[in-house]
Amino acid sequence: VQLQASGGGLVQAGGSLRLSCAASGVTFSSYTMAWFRQAPGKKRDFVALISGSSSMTYYADSVKGRFTISRDNAKNTVYLQMNSLKPGDTAVYYCAADPSNEEVVKLLVKNNDYGLDYWGKGTQVTVSS
């Protein structure tokens, strides 16, 4: 299983970026997909998750209303549209995949259990003030 994140970069506060994560080696539509981020010197934090059918999404309070997670199962790709970016959003962003039901993954992340099965290498997002 390989997950390849892309789309990071440098953006001014208030700007937008769209991250992509391409998956291979999995039956993509069967997997719950999620985004996490880790700022320098801080622990990894949950950002958003989406069910295999896109019927359910769940967001961290810190990004709710600004970020949107989506997926295209035909392209084996999950996206994270980030709007109204703030300097506090600066971090390395990681995508992750898990075959568990989305409600199971949601319960895990709510309990700060980030033991999803597969992780990609991150993509750096830097928001300047």
Side-chain angles (χ1 to χ4, degrees):
V1 176
Q2 289 190 328
L3 301 174
Q4 182 64 54
S6 62
L10 173 64
V11 63
Q12 288 188 329
S16 299
L17 279 175
R18 188 175 84 153
L19 305 183
S20 300
C21 175
S24 59
V26 295
T27 305
F28 185 70
S29 60
S30 299
Y31 279 69
T32 299
M33 299 297 296
W35 287 96
F36 295 79
R37 66 186 182 185
Q38 188 165 16
K42 295 188 177 182
K43 64 177 180 65
R44 188 169 295 186
D45 286 332
F46 165 74
V47 175
L49 69 83
I50 187 168
S51 64
S53 66
S54 301
S55 60
M56 189 274 265
T57 57
Y58 176 64
Y59 297 90
D61 288 344
S62 58
V63 306
K64 202 174 295 183
R66 300 188 298 122
F67 291 11
T68 302
I69 188 171
S70 62
R71 65 192 295 161
D72 185 337
N73 287 343
K75 295 182 178 180
N76 283 11
T77 302
V78 62
Y79 304 97
L80 186 68
Q81 177 67 43
M82 306 185 294
N83 299 329
S84 303
L85 282 161
K86 306 174 182 179
D89 295 317
T90 295
V92 177
Y93 283 71
Y94 300 88
C95 60
D98 199 280
S100 302
N101 177 274
E102 61 271 14
E103 293 294 343
V104 172
V105 178
K106 179 180 177 181
L107 185 60
L108 290 174
V109 301
K110 288 182 74 173
N111 286 284
N112 298 314
D113 182 344
Y114 298 160
L116 279 69
D117 278 7
Y118 304 106
W119 291 80
K121 294 182 180 179
T123 184
Q124 176 71 48
V125 172
T126 303
V127 184
S128 63
S129 57

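Note that these values count all heavy atoms, side chains included, but never hydrogens, waters or copies made by symmetry. Residue numbers run from 1 in the order of the sequence given.
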Has [X] got a side-chain atom pairing as donor or acceptor with [Y]'s backbone, closer than 3.5 angstrom?
X: Thr123; Y: Gly8; answer: yes
X: Glu103; Y: Leu107; answer: no
X: Arg37; Y: Val92; answer: no
X: Ser51; Y: Ser55; answer: yes
X: Ser62; Y: Ala60; answer: no
X: Asn111; Y: Asp113; answer: no

[Y] six-ring face occupied by [X] cation (under 6.0 Å, within 45°):
X: Lys64; Y: Tyr59; value: no
X: Arg44; Y: Tyr114; value: no
X: Arg18; Y: Tyr79; value: yes

- Query: When the ring planes of Trp119 and Tyr94 are compared, do they come out parallel, tilted or perpendicular, using 30° and 60° as the limits?
  - Reply: perpendicular
- Message: Once you measure the plane-to-plane angle for Tyr31 and Tyr118, does it fall in the parallel (<30°), tilted (30-60°) or perpendicular (>60°) bin?
- Response: tilted
- Query: Under a single-linkage definition using a 4.5 Å side-chain heavy-atom cutoff for Ile, Leu, Val, Met, Phe, Trp and Tyr, are Tyr93 and Phe36 assigned to the same hydrophobic cluster?
  - Reply: no
- Message: Is there a path of hydrophobic side-chain contacts, each under 4.5 Å between heavy atoms, that joins Val109 and Val63?
- Response: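 No; tracing contacts between hydrophobic side chains, which count when under 4.5 Å, never links both residues.
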- Message: Regarding Lys86 and Asp89, does a basic nitrogen lie under 4.0 Å from an acidic carboxylate oxygen?
- Response: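 No, this pair does not count.
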- Query: Side-chain contact, heavy-atom cut-off 4.5 Å: Leu19 with Ser6?
  - Reply: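 Not touching, per the 4.5 Å side-chain cut-off.
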